[in-house]
Amino acid sequence: MSEEKSLNFLEEIIEQHLAEGRYEHIHTRFPPEPNGYLHIGHASSICLNFGLAKKYGGKCNLRFDDTNPVTEETEYVDSIKYDIKWLLDAIGTSWDGEYYASDYFDKLYEFAVDLIKKGLAYVDDSSADEIAATKGSTTEPGMNSPYRDRSIDENLQLFAGMKEGKYKDGEKVLRAKIDMAHPNLLLRDPLMYRIKHAHHHRTGDKWCIYPMYDFAHGQCDSIENITHSICTLEFIHHRPLYDWFIEKLGIYPSKQYEFARRNLSYTVMSKRKLLQLVNEKHVAGWDDPRMPTISGMRRRGYPAQAIVNFCDTVGIAKRENVVDLGVLEFHVREQLNKTAPRMMAVLNPVKLIITNYPEGQTEELDMENNPEDENGGTRKVPFSRELWIERDDFMEEPPKKFFRLGPGLTVRLKGAYIVQCEGFSKDDNGNITEIRCTYLPESKSGHDTSGLKVKGTIHWVNAHTAKTAEVRLYDRLFKVENPAAEEGDFKSYINEHSLQVLSAVYVEPALADAQPGQQFQFLRMGYFTVDSKDSAPGRPVFNRTVTLKDSWAKEKAKD
RNA sequence: AGUCCGAUGGUGUAAUGGUAGCACUACAGAUUUUGGUUCUGUCUGUCUAGGUUCGAAUCCUGGUCGGACUACCA
C-alpha cells in the first residue's frame, strides 16, 4: 500500500548519486547569514536541507555565514537558532553541528596563501571605483589591473601586510587571477579578501581582513565534507567560481545545486526590504505578526507544523513562482482545526435581552471544547437573561437567506436555547442599542424537545460574567499580490488597514486566564492566539491568526 | 546587447517517449447546534512554429515571453 510520492529534482539527483555509490551518505547544510531574521523563504530551505538529510539518513549542519562583521550581530544568531529549532521540532530532527564560517578564518587564510603561491591570486591596490570601472560589462570585456602581474613574493608580502593591519579599509584587496574577459562577470578576477577594520561578533578584533562570500562558502562546504550544497537560483552564476576555487585548492569537491526561492503573495521576502519595514516602523518589529518572518508567524499563531506542511506540499523547482497566501492559510487552519479549543468571544457587541428568562437566574451550560477532538472534553459556560451577541448577527431588514437575527427571526444560541427576536431599540443616530427576544425553555441544547429546526446558530457571551480583552485583527501587509514586481517604491503598496485593534472585546470568563502562546478558535470568528509580548496577567491580548472560511461573506459579496 | 536559467489549469507542483495527475482556489450538492469541519461532484492547463517518432509536456531546431548576473553584500 505504498503511496507513490513523486520526487523533486534534488531528490532524483540524490537518489541517483546514492544508487551509483558516489556518496555513501549525503551531507547538507543550512547557511544563514546572521544579519536579519529568518522568513518563510528560509523555512523552505530549512525543510529542504534538513528534510533531505533526514529522508536519506544523512546529516545537515547549521552554519552561520558570518563573513561580513559590519552587518552581522549575535542578536540575529540567537533568533535564527530559536526559529530553526522551532521548525526542526515539527520536522522531527535537529542539526548535526553548529558551525560558523568564522571558525574557518585561519584555514581560509591558508587557502588564500596557497592560491597566491600557485600564481592564482594577487593583491590589487585599485580602488573600488577603479575595479568597477575596469570590470567591463555584459557586452564588453574587462581590463587587467596594473597590479595583476606582481610577483608571488610581493603578493605574499602584501597579503601578510593586509592581515597585519598595515593598510586602511579599501586600500588593497586580494583577487583571484582568472580571466578579465570571461563572459561570466563573476570570473573576471573576483575579490577574495577585503580589508575591514571592524569588530566581529565572534572573532572580535583578531582579523581586519575578511573573505568574500565566494571565497568562503564553497571552502566551508568542503571543510565540512558537504556533499550537496543547496542554494537559491541567483547563485547559479557563482557555481563555476565555486568549482574553480575547490579545484585549484585541491580540496574536497562539494557540489552546488540551485532551486528557485519561494515567494508568497501579498508580502515581500528580501531581507533588505523587511529590514526597511522594521527600521521605518511600518511594522512593530521583525516579529510583528504581519511579517513573513518565522518569528512573526509564530507570534501570529501559525503552528510550526503548518509551515512545514506548507513547504512540503508546495515543493521546489527551478522556476519563478509566487505561491498564494491562501495555501499557507489552508495549512494553518488544517492544524488549528484539530487542536484549538473552541471558545466564544464577541468582537463587536450588542446587547441581547431574553425577556422571558427569569431575572437574576444563571445556569451553567455544558459546552463541547472541540468537536474535532474526541478527547477535547467539555466546559461550563454561564448563561443568563442578558447576553452580548455580534452586531453583525442582527439586521433590521434582513435579506433572504440571512440565517441570523432580525425582527421575528429565530436562531439557536450556541449550546443554549432557541430564541426568537421580538423587538429592538435604536439610539438617535439609528444604531441598534438593544435586541429583545424570547426563548423556548424546552429547546435547551442536548435536551431539545421543541421539535423546531432553525437555520442559524450564533455565538454569545453572558453579559454580567463577561471579561474584556484586546483583540488584534491582522490582514495582508500589502495591497498587491507581488509588491516587489510593481512600479516604484514597494512601500507605497502597504495595506494601511493591515492591523485593526479592538480594545474592548467580550470573552468567556475562562479566557481571562489564557496564557501567552495558547491558541483558540473563537466560534465563527477565526483562530486566535494569545500575544506573547503584550498580554498582561488577567488581560490577554488575542492575535487573530486566520479567519474561518466564510461562505456567507462570499454569498454577500455576490451582490 | 553578452552569458546563464526557466516556461504544464487562477496558483503551486507531478508525469523523465506511451491515459496530462495531485494540492490550493473557484463552482455545485450532501451533512452539520460554528454560513466552520467532513464528504461527493464539476470547471479550467502542456508558450509558439517546425522536426524526429507508430506515438512528444518530455528529444532536436528556430522564435516568443519571463527571470538572474555587471556590490570591497550574502
Side-chain angles (χ1 to χ4, degrees), chain A residues 4-8 12 31-33 35 65-68 70-72 124 126-128 131-132 135-142 169-175 182-186 188 191-196 210 212-214 216-217 231-240 258 260 262 265 271-272 310 313-331 333-334 337-338 342 344 368 371-372 401-404 411-416 418 443 445-446 448 453-459 481 521-526 547-556:
Chain A
E4 283 291 312
K5 174 94 166 65
S6 55
L7 303 178
N8 65 47
E12 279 182 14
E33 184 192 9
N35 69 344
D65 224 338
D66 56 351
T67 57
N68 185 359
V70 178
T71 55
E72 295 156 3
D124 195 336
S126 306
S127 70
I131 289 176
K135 180 135 196 176
S137 70
T138 53
T139 48
E140 292 164 22
D169 286 10
E171 209 175 318
K172 289 182 171 21
V173 289
L174 183 71
R175 299 177 74 177
H182 199 104
N184 181 343
L185 293 281
L186 285 160
R188 318 246 260 229
L191 272 58
M192 295 164 58
Y193 267 92
R194 76 288 216 192
I195 300 171
K196 277 181 191 285
Y210 292 94
M212 300 289 290
Y213 167 85
D214 285 310
H217 201 96
C231 61
T232 45
L233 235 40
E234 66 269 26
F235 289 98
I236 198 161
H237 305 275
H238 295 248
R239 198 197 317 150
E258 309 85 11
R262 183 59 59 207
S265 63
K271 269 201 253 182
R272 207 194 94 253
F310 167 78
T313 60
V314 155
I316 56 141
K318 296 181 80 164
R319 71 181 88 111
E320 296 293 314
N321 61 81
V322 181
V323 184
D324 196 312
L325 182 60
V327 180
L328 216 204
E329 293 187 336
F330 164 81
H331 288 285
R333 290 191 186 102
E334 185 188 43
N337 178 49
K338 291 184 286 196
R342 273 56 169 172
M344 294 196 290
E368 203 176 19
E372 303 298 317
K401 293 204 278 186
F402 184 75
F403 306 141
R404 305 181 188 184
V411 295
R412 171 170 297 276
L413 296 172
K414 175 71 182 177
I418 292 174
S443 67
S445 194
D448 188 349
K453 286 273 182 204
V454 289
K455 281 280 204 179
T457 300
I458 64 172
H459 63 281
E481 252 188 62
Q521 183 195 107
F522 289 171
L523 232 53
R524 304 204 301 137
M525 303 310 287
T547 59
L548 257 28
K549 275 177 45 180
D550 188 349
S551 49
W552 170 242
K554 237 181 265 173
E555 186 71 31
K556 263 196 310 188

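A quick note: this is a predicted structure, and the numbers were derived from the prediction, not measured. Values below: every heavy atom of this structure, side chains too, minus hydrogens, waters and symmetry copies. Every chain is numbered from 1, with letters handed out A, B, ... down the list of sequences.
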Tell me the closest heavy-atom pair linking [X] and [Y], and the distance in Å.
X: A:S137; Y: A:R188; value: O-NH2, 2.7 Å
X: A:E72; Y: A:T67; value: OE1-N, 3.4 Å
X: A:N184; Y: A:H237; value: ND2-O, 3.0 Å
X: A:M192; Y: A:R175; value: SD-C, 3.7 Å
X: A:A553; Y: A:D550; value: N-OD1, 3.0 Å
X: A:K271; Y: A:E33; value: NZ-O, 3.1 Å

For this session: Side-chain contact test, heavy atoms from C-beta onward, threshold under 4.5 Å: evaluate it for A:R412 versus A:D448 and give yes or no.
Result: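 Yes, side chains in contact.
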Exercise. Do A:E372 and A:R342 pass the side-chain contact (heavy atoms from CB on, under 4.5 Å) test, and can you show the C-alpha distance, the side-chain angles, and the key distance before you say yes or no?
Worked result: CA-CA 10 Å; A:E372 303 298 317; A:R342 273 56 169 172; 3.7 Å; yes
Students often get this wrong, so: under 4.0 angstrom with heavy atoms, is [X] touching a base, only sugar-phosphate, or nothing?
X: A:I316; answer: sugar-phosphate
X: A:I236; answer: sugar-phosphate
X: A:F522; answer: nothing
X: A:R239; answer: nothing
X: A:G142; answer: nothing
X: A:G415; answer: base
X: A:R272; answer: nothing
X: A:V454; answer: nothing

Any donor-acceptor pair under 3.5 Å from [X] side chain to [Y] backbone:
X: A:R524; Y: A:M344; answer: no
X: A:S265; Y: A:E481; answer: no
X: A:R262; Y: A:V323; answer: no

Taking the [atom1] atom in each of [N] and [M], what is the distance between them to the nearest angstrom?
N: B:G35; M: B:A30; atom1: C1'; value: 15 Å
N: B:A1; M: B:U64; atom1: P; value: 9 Å
N: B:A14; M: B:C47; atom1: P; value: 15 Å
N: B:U11; M: B:G66; atom1: P; value: 16 Å
N: B:U61; M: B:U53; atom1: C1'; value: 16 Å
N: B:A49; M: B:G67; atom1: P; value: 23 Å
N: B:G18; M: B:G12; atom1: C1'; value: 27 Å
N: B:U38; M: B:U34; atom1: C1'; value: 13 Å

Expected rows: protein N/O vs nucleotides 36-39 of chain B N/O, under 3.5 Å:
from: B:G36; atom 1: OP1; to: A:S551; atom 2: OG; distance (Å): 3.0
from: B:G36; atom 1: N2; to: A:E372; atom 2: OE2; distance (Å): 2.8
from: B:U37; atom 1: O2'; to: A:N337; atom 2: ND2; distance (Å): 3.2
from: B:U37; atom 1: O2'; to: A:E372; atom 2: OE1; distance (Å): 3.0
from: B:U37; atom 1: O2'; to: A:E372; atom 2: OE2; distance (Å): 3.2

Exercise. Looking at residues at least two apart in the chain, or sitting in another chain, which of them share a salt bridge (Lys or Arg N to Asp or Glu O under 4.0 Å) with A:K453?
Worked result: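 Not a single residue meets the salt bridge (Lys or Arg N to Asp or Glu O under 4.0 Å) criterion with A:K453.
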Exercise. A:K172: what forms a salt bridge (Lys or Arg N to Asp or Glu O under 4.0 Å) with it, not counting sequence neighbours?
Worked result: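 With neighbours one apart ignored, the set is A:D125.
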When you get a sec, tell me which of [options] is the closest nucleotide to the side chain of [X]?
X: A:V314; options: B:C24, B:G12, B:U33; answer: B:G12
X: A:K414; options: B:U34, B:G6, B:A1; answer: B:U34
X: A:H237; options: B:U3, B:U33, B:G2; answer: B:U3
X: A:R319; options: B:C69, B:G6, B:U33; answer: B:G6
X: A:T139; options: B:G2, B:G67, B:A14; answer: B:G2

Round to the nearest Å and state the distance from [X] atom [atom1] to [N] atom [atom2].
X: A:L185; N: B:A1; atom1: CG; atom2: P; result: 17 Å
X: A:E320; N: B:C4; atom1: CD; atom2: C1'; result: 13 Å
X: A:N8; N: B:G12; atom1: CG; atom2: P; result: 17 Å
X: A:E329; N: B:G12; atom1: CD; atom2: C1'; result: 16 Å
X: A:R188; N: B:A71; atom1: CZ; atom2: C1'; result: 15 Å
X: A:F310; N: B:U11; atom1: CZ; atom2: P; result: 15 Å
X: A:E140; N: B:U70; atom1: CD; atom2: C1'; result: 11 Å
X: A:L328; N: B:U11; atom1: CG; atom2: C1'; result: 13 Å

Exercise. How are the rings of A:F310 and A:H331 set to each other: parallel, tilted or perpendicular (split at 30° and 60°)?
Worked result: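 Perpendicular, since the angle between the ring planes exceeds 60°.
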Exercise. Is any side-chain N or O of A:R524 under 3.5 Å from a base N or O of B:U34, one able to act as donor and the other as acceptor?
Worked result: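 Such a pair does not exist between side chain and base.
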Exercise. Taking N and O atoms by type only, does the side chain of A:T138 place a donor or acceptor under 3.5 Å from a partner on the base of B:U70?
Worked result: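 Between B:U70 and A:T138, which were checked side chain against base, a qualifying N/O pair under 3.5 Å is absent.
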Exercise. Of A:L233 and A:A416, whose nearest nucleotide on RNA chain B comes first from the 5' end?
Worked result: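 The 5'-side residue here is A:L233.
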Exercise. When you look for runs of 3 or more Watson-Crick or G-U pairs in a row, both distances below 3.5 Å, which of them include RNA chain B?
Worked result: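 When the pairs of RNA chain B are grouped into runs of at least three, the stems are B:2-7 with B:64-69, B:10-13 with B:21-24, B:26-30 with B:38-42, B:47-51 with B:59-63.
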Could you go through nucleotides 72-74 of chain B and list every protein N or O atom that sits under 3.5 Å from one of its N or O atoms, giving the distance for each pair?
from: B:C72; atom 1: N4; to: A:S126; atom 2: O; distance (Å): 3.2
from: B:C72; atom 1: N4; to: A:A128; atom 2: N; distance (Å): 3.0
from: B:C72; atom 1: N4; to: A:G170; atom 2: O; distance (Å): 3.0
from: B:C73; atom 1: OP2; to: A:R194; atom 2: NE; distance (Å): 3.1
from: B:C73; atom 1: OP2; to: A:R194; atom 2: NH2; distance (Å): 2.7
from: B:C73; atom 1: OP2; to: A:K196; atom 2: NZ; distance (Å): 3.2
from: B:C73; atom 1: O3'; to: A:R194; atom 2: NH2; distance (Å): 3.1
from: B:C73; atom 1: O2'; to: A:N68; atom 2: ND2; distance (Å): 3.3
from: B:A74; atom 1: OP1; to: A:T67; atom 2: OG1; distance (Å): 2.7
from: B:A74; atom 1: OP1; to: A:R194; atom 2: NH1; distance (Å): 3.4
from: B:A74; atom 1: OP1; to: A:R194; atom 2: NH2; distance (Å): 2.8
from: B:A74; atom 1: OP2; to: A:Y213; atom 2: N; distance (Å): 3.0
from: B:A74; atom 1: O4'; to: A:E33; atom 2: OE1; distance (Å): 3.4
from: B:A74; atom 1: O3'; to: A:D65; atom 2: OD2; distance (Å): 3.1
from: B:A74; atom 1: N6; to: A:H238; atom 2: NE2; distance (Å): 3.3

For this session: Kindly say if A:K554 contacts the phosphate of B:A26, meaning a side-chain N or O under 4.0 Å from OP1 or OP2.
Result: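 Looking at the OP1 and OP2 atoms of B:A26, one of them is under 4.0 Å from a side-chain N or O of A:K554.
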Problem set entry | A:Y193: partners by ring pair (Phe, Tyr, Trp, His ring centres under 6.0 Å), with sequence neighbours left out |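 Only A:F159, A:F215 meet the ring pair (Phe, Tyr, Trp, His ring centres under 6.0 Å) criterion with A:Y193.
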